[in-house]
**Q** 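Got a structure for you, questions after.
FYI, side chains are in, hydrogens and waters are out, and symmetry mates aren't considered; it's all heavy atoms of this structure.
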Amino acid sequence: DWSSDVCSSDLSEVSGVLNPTGGQTLVTIGEGSVSVSAPVGTTIRVYTTDGRLLTNFRKRWNGTEEICAGLERGLYLVSVGSVTSKVYIR
């Protein structure tokens, strides 16, 4: 299933993640959501630190797309294609 599940944050922060295909992928945390700017068709997953998958999402268009909202405070892993980054929700 490639739909976005409910996931949050109240932290306004942007961290860049180098896309393995050579483009720039941005993961944005803020306003109660995780958003990603990546090429169309890129698979994005959000996990808890104990490995539970919160969302499995495939980019539908270019530009920034909201991937999930509603996350509790804590550390999460955001996987964009083959690159995984840690994000902290305050």
Side-chain angles (χ1 to χ4, degrees):
D1 179 48
W2 292 105
S3 64
S4 174
D5 293 334
V6 175
C7 325
S8 134
S9 100
D10 56 14
L11 174 67
S12 295
E13 183 176 306
V14 176
S15 61
V17 178
L18 182 63
N19 186 323
T21 61
Q24 183 70 22
T25 297
L26 293 177
V27 176
T28 307
I29 310 302
E31 298 301 319
S33 67
V34 174
S35 299
V36 175
S37 178
V40 171
T42 301
T43 299
I44 299 141
R45 293 180 177 100
V46 178
Y47 297 91
T48 61
T49 55
D50 64 358
R52 188 169 47 98
L53 179 65
L54 297 178
T55 190
N56 187 22
F57 186 88
R58 186 176 304 232
K59 282 282 287 163
R60 297 170 290 203
W61 57 77
N62 284 319
T64 302
E65 264 183 280
E66 183 175 279
I67 305 307
C68 61
L71 291 173
E72 302 277 329
R73 180 180 185 162
L75 187 64
Y76 294 88
L77 303 172
V78 178
S79 177
V80 180
S82 63
V83 177
T84 301
S85 298
K86 295 178 204 174
V87 295
Y88 187 76
I89 307 302
R90 294 186 190 194

**Q** Provide the closest heavy-atom pair for L53 versus T55 in the form atom of the first, atom of the second, distance.
**A**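 What the structure gives for the nearest pair is CD1-O, 3.2 Å.
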**Q** Below 4.5 Å, heavy atoms only, C-beta onward: do R58 and I44 meet side chain to side chain?
**A**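 With C-beta onward as the side chain, the pair stays apart.
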**Q** First locate atom CZ of F57, then atom CD of E66, and finally report the distance between them rounded to the nearest 0.5 Å.
**A**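 That separation rounds to 9.0 Å.
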**Q** With rounding to the nearest 0.5 angstrom, report the CZ to CD1 distance, R45 to I67.
**A**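 CD1 of I67 is found 12.0 Å from CZ of R45.
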**Q** Suppose we screen for side chain to side chain contact (heavy atoms under 4.5 Å, CB included). Which residues come up paired with S37, at least two apart in sequence or across chains?
**A**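 S37 satisfies side chain to side chain contact (heavy atoms under 4.5 Å, CB included) with L26, T64 once adjacent residues are dropped.
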**Q** Any side-chain heavy-atom pair from N56 and T43 closer than 4.5 angstrom?
**A**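 When only atoms from C-beta onward are counted, T43 and N56 do touch, with a gap below 4.5 Å.
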**Q** Determine the minimum heavy-atom distance between V87 and V27, stating which atoms define it.
**A**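 Minimum heavy-atom separation between V87 and V27: CG1-CG1, 4.4 Å.
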**Q** I'd like to know if the side chain of E65 and the backbone of R60 have a donor-acceptor N/O pair within less than 3.5 Å.
**A**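 Looks like yes, one N/O pair under 3.5 Å.
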**Q** Would T42 and V80 count as a side chain to side chain contact (heavy atoms under 4.5 Å, CB included) if you check the C-alpha gap in whole Å, the side-chain angles of each, and the deciding distance to 0.1 Å?
**A** CA-CA 7 Å; T42 301; V80 180; 3.7 Å; yes
**Q** Working note: T25 + V83, criterion side chain to side chain contact (heavy atoms under 4.5 Å, CB included); need CA distance, chi angles, decisive distance, verdict.
**A** CA-CA 10 Å; T25 297; V83 177; over 6 Å; no
**Q** Looking only at heavy atoms, what is the nearest atom pair of P39 and N62, with distance?
**A**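 Residues P39 and N62, closest heavy atoms: CA-OD1, 3.9 Å.
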**Q** Return the OG to CD1 distance between S85 and I29, rounded to the nearest 0.5 Å.
**A**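 Spacing of OG (S85) from CD1 (I29) equals 9.5 Å.
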**Q** Taking only residues two or more places apart in sequence, or in another chain, which ones meet T48 in a side chain to side chain contact (heavy atoms under 4.5 Å, CB included)?
**A**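 Residues passing side chain to side chain contact (heavy atoms under 4.5 Å, CB included) with T48: D50, R52, L54, Y76.
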